[in-house]
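Shown next, in structure tokens, is the structure this report addresses.
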Amino acid sequence: MKSGIEGNTRYNHPKFSTTDLRSISMPQKSRIFRRRVFVPAQTTMAVMLAMGYPAHALSSEIVLPRINVVAGGEDAIVKQPGSVSIVGPADLERIQPLSTEDALRTVPGIHIKGEEESAIVANIGMRGLSAADYKSLILEDGVPVAPGLFVGNQRYYNPRIQRMEEIEVLKGAAALRYGPNTIGGVINYKTKEPIDGVSIAGRIGSHNYREATLEAGGKSPSGEAKAGLFYTRAKSDGFQGKGFDMEDLMLKGGMALGNDQWVSFKFTHHENDANISYRGLFLDAYKAGASYNPAPDDWFLTKRKSLDLNHQWEINPDTTLNTLVYWSDMSRDYWRFAVDNAASTAAGRWVYTNTVNGNNRAFERVGLDSRLTINHKSFGFNNKAEIGVRIMDEEMVDQGVTATRANPRSGTISTDRVDSATGYALFGENRFDVTDKLSITPGLRIEHYEQKRHDRQNSANDGKSSNTEYLPGIGATYWLSPGTQLYGSVYKAFSPPLNSQSIVTGLDQQLDAEKSLNIEAGIRGQSGKLRYELTVFQMDFDNQITPAISGGLTNANAGSTLHRGLETAFGYSWDNGFSLDTNLTWIPTADYREDRGGGVNKGNRLPYSPEWLANVTLAYVSGPMQVALAGRYVDEQYGHGDNTDPITGSGNNIWKGKLPSYHTFDLTGTYALSKQLKLTAAIKNLTDERYIAGLRQGIYAGAERSLEIGAKYVF
């Protein structure tokens, strides 16, 4: 993973000598090469081939329009007044991740609470926010992927890494362009472009892991239309018997409409049957090295479809309008067997009854996101303004089903609710290039949302709530020298209450959003072969929703936490093929600022918020071969906000306690036998470290040592 100046691009700042045109969006690239390149074609071709570009890069071949978190352009990162990390194609090839969370572990400031190695459920914490919570926004090609941002849990769907080409992580005031839930920052998964041809890839590994991926696509003779498909099927018996059967399909394509407009579509279909549960191992079983599934009959069944439609219109050379319409439909059926608590305590493992509880939810979302960017010369400066609007409607059907072991997928409906929400957002920002060194970017986001609850079994529980939030921010960048840039920002971020919090037994709880005043400052740059980025930050997160203590309400805005820390990233490349990339996250403060009850007292540390995180990767490249050894350190952390220290094997403390620190190593390698055939291999958790990854009605053991081998052939 690269961060800061180097990233996966070079930059066209006046003081830099090279640019990397791969960072330019296709509409920009097409415009440049068709209408604005005045040097001889032979000269341009020679330059681009020398930079490693394919010959077709000079043609008008389309790159499909989409919304990027790190806005397009050859100097995209250095225009962001905040910390930026990009996990690019080369990084993904080196990491060989099985999930998006595998790839994110290398990003400064991010902590993953691993519940199972395939990361079916998202557990991502940023900058000291609990990895068991959801206060950061996750996008795919600019579209929210969480099933419900307003109406329900946001962790139930995790996009598959096999169809991703890059991951953008953005913190700082530039995150105001997106919302809601941007307190920690924004993660954007960018899907692959259709290829011109066919490729097949496969992996096999420990726990009977089997994966096959097909990519196929084509383009028109002019290169201004193309389409393709990406299909992955993966199955595994799973570590501890937590198996799954997953298939993931993406259809993607688009075309140019004349010289100044482009359209694209993306359709996805995802299914996953996973033998996972909230229940973990008892302490004695964990200590004894137990490797069984603690809930062998529980199933988490997911289906999701989505459709994105993008349109980009270059109104004139300085004005561009991007419009995105998106829809998704998802179901998550969670069938869990009830337990006999007394018998479980006596047995030292979960003992199940014949009662099955279905916690089944269906989500639907439709949205519109439109953004107008304008380059202008107002006030005597070079300016870039962005103005945008988002309208989004969500609905969740929440049903509880009481079933039996004899008929575990049907039964009596015990709860039947429909939660819905409509959100409206308006934002604007303007970057003033005050001098060739100093740029200042003020911005404002306004979010209004309306929530409704309809209980189809008891209309007395029906209710509605609404709220409006104003979120200002300002950021700046300053060039200290040709290779060194300072950046900083101050901004408000927010997370709305869910319907279940804002409407209780039909009563509007009159809740405001949870809000955070975020401050960060940093330096990034490169000096010769050294790349670096250092960021200090503070998040004053208040207005948090807690149980009410007066006024006849169930919930109130009464909680607050304080987060302070430091993120660093360094990289160095030698001439002999070796490179070293390291990053360190230190968060000395991630504390509650008042008593919450239940043992959660002022000064306690948030759960799943380690003080130290570190990543070190030593890589070697020689001709067709690449090898990397990656080490990771995760500091001790608490499983609950009461900061209980010992982990016990029964009673309420079964999901509480201090998780010891741990470290793991991964060894990966690739070898290109030819231009068409590439081999891959990976040993994850090389030293077979046994560690506790999380607590949740028991102990989640970290995945043991595993081996994966694979191959990819391009026709």
Side-chain angles (χ1 to χ4, degrees), residues 3-5 7 11 13 67-73 75-86 108-109 126-127 136-137 139 168-188 371 373-376 378-379 381-388 425-447 469-480 484-494 515-525 533-541 563-567 569:
S3 69
I5 290 276
Y11 305 94
H13 183 267
I67 292 177
N68 296 318
V69 168
V70 180
D75 53 355
I77 291 179
V78 297
K79 290 182 178 178
Q80 306 297 329
S83 173
V84 177
S85 297
I86 293 180
M126 296 178 70
R127 291 188 166 178
S136 302
L137 181 63
L139 308 171
E168 302 172 321
V169 181
L170 175 64
K171 306 151 194 168
L176 282 173
R177 298 160 55 223
Y178 307 92
N181 291 318
T182 56
I183 289 173
V186 181
I187 298 169
N188 187 38
R371 298 163 184 264
T373 57
I374 306 170
N375 295 307
H376 59 101
S378 301
F379 314 109
F381 304 128
N382 290 325
N383 295 258
K384 182 177 181 180
E386 184 172 357
I387 302 169
L426 177 67
F427 77 89
E429 69 173 25
N430 191 90
R431 189 184 73 245
F432 298 90
D433 292 331
V434 181
T435 69
D436 63 347
K437 293 183 177 182
L438 174 65
S439 296
I440 300 175
T441 307
L444 175 66
R445 185 177 187 89
I446 303 172
E447 288 260 5
E469 298 292 341
Y470 298 87
L471 308 162
I474 187 169
T477 60
Y478 182 80
W479 290 95
L480 279 177
T484 304
Q485 186 188 56
L486 299 177
Y487 56 89
S489 63
V490 181
Y491 67 103
K492 276 277 190 182
F494 89 113
K515 287 176 278 194
S516 179
L517 178 63
N518 291 3
I519 304 171
E520 73 169 13
I523 183 172
R524 58 190 164 210
E533 178 171 305
L534 184 150
T535 308
V536 294
F537 63 86
Q538 174 176 295
M539 301 191 304
D540 190 351
F541 184 15
H563 308 252
R564 290 175 176 156
L566 167 72
E567 299 167 354

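If you read the sequence from its start, that first residue is 1, and numbering goes on from there.
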| message | Which label fits F379 and F432: parallel for a plane angle under 30°, tilted from 30 to 60°, or perpendicular past 60°? | response | tilted
| Euclidean distance, L517 CG relative to K515 NZ, rounded to 0.5 Å | 11.0 Å
| Got a second to check how far D540's CG is from K492's NZ, nearest 0.5 Å? | 7.5 Å
| Side-chain donor or acceptor of N188 paired with backbone N/O of E168 under 3.5 Å | no
| said: How close do N68 and Y178 get, counting heavy atoms only, and between which atoms? | reply: O-OH, 2.9 Å
| field | Trace of the salt bridge (charged side-chain N to carboxylate O under 4.0 Å, His left out) decision for K171 with E520 | value | CA-CA 9 Å; K171 306 151 194 168; E520 73 169 13; over 6 Å; no
| task | Determine the minimum heavy-atom distance between H376 and N430, stating which atoms define it. | result | NE2-OD1, 2.8 Å
| message | Return the CD1 to CD distance between I523 and Q485, rounded to the nearest 0.5 Å. | response | 9.5 Å
| message | I'd like to know whether V78 forms a side-chain contact (heavy atoms from CB on, under 4.5 Å) with T477, so could you lay out the CA-CA distance, the side-chain angles of the two residues, the decisive distance to 0.1 Å, and finally the verdict. | response | CA-CA 8 Å; V78 297; T477 60; over 6 Å; no
| request: Before giving the answer on side-chain contact (heavy atoms from CB on, under 4.5 Å), spell out for S85 and E567 the whole-Å C-alpha distance, their side-chain angles and the decisive distance to 0.1 Å. | output: CA-CA 11 Å; S85 297; E567 299 167 354; over 6 Å; no
| message | Let me confirm one number: the CD1-CD distance from I387 to E429, rounded to the nearest 0.5 Å. | response | 10.5 Å
| said: Any non-hydrogen side-chain atom of N382 less than 4.5 Å from a side-chain atom of N375? | reply: no
| field | Shortest non-hydrogen contact from I446 toward Y470 | value | CG1-CD2, 3.7 Å
| request: Flag the pair S439 / K79 as yes when at least one side-chain heavy-atom distance between them is below 4.5 Å, and no otherwise. | output: no
| Where the side chain of R445 meets the backbone of L471, is there a donor-acceptor pair that is under 3.5 Å apart? | no
| remark: Shortest non-hydrogen pair, R177 vs V69, comes out as NH1-O, 3.0 Å
| query | How close do M126 and S136 get, heavy atom to heavy atom, and via which atoms? | reply | SD-OG, 3.2 Å
| message | For the residue pair T535 / Y487, report whether a side-chain donor-acceptor contact shorter than 3.5 Å exists. | response | yes
| task | Rounded to the nearest 0.5 Å, what's the gap from CZ on F427 to CG on L444? Could you check? | result | 11.0 Å
| field | Spacing of CD1 belonging to I440 relative to CG belonging to D433, to within rounding of 0.5 Å | value | 10.0 Å
| Heavy atoms, side chains only, cut-off 4.5 Å: are N518 and F537 in contact? | no
| task | Provide the closest heavy-atom pair for A493 versus T182 in the form atom of the first, atom of the second, distance. | result | CB-O, 3.6 Å
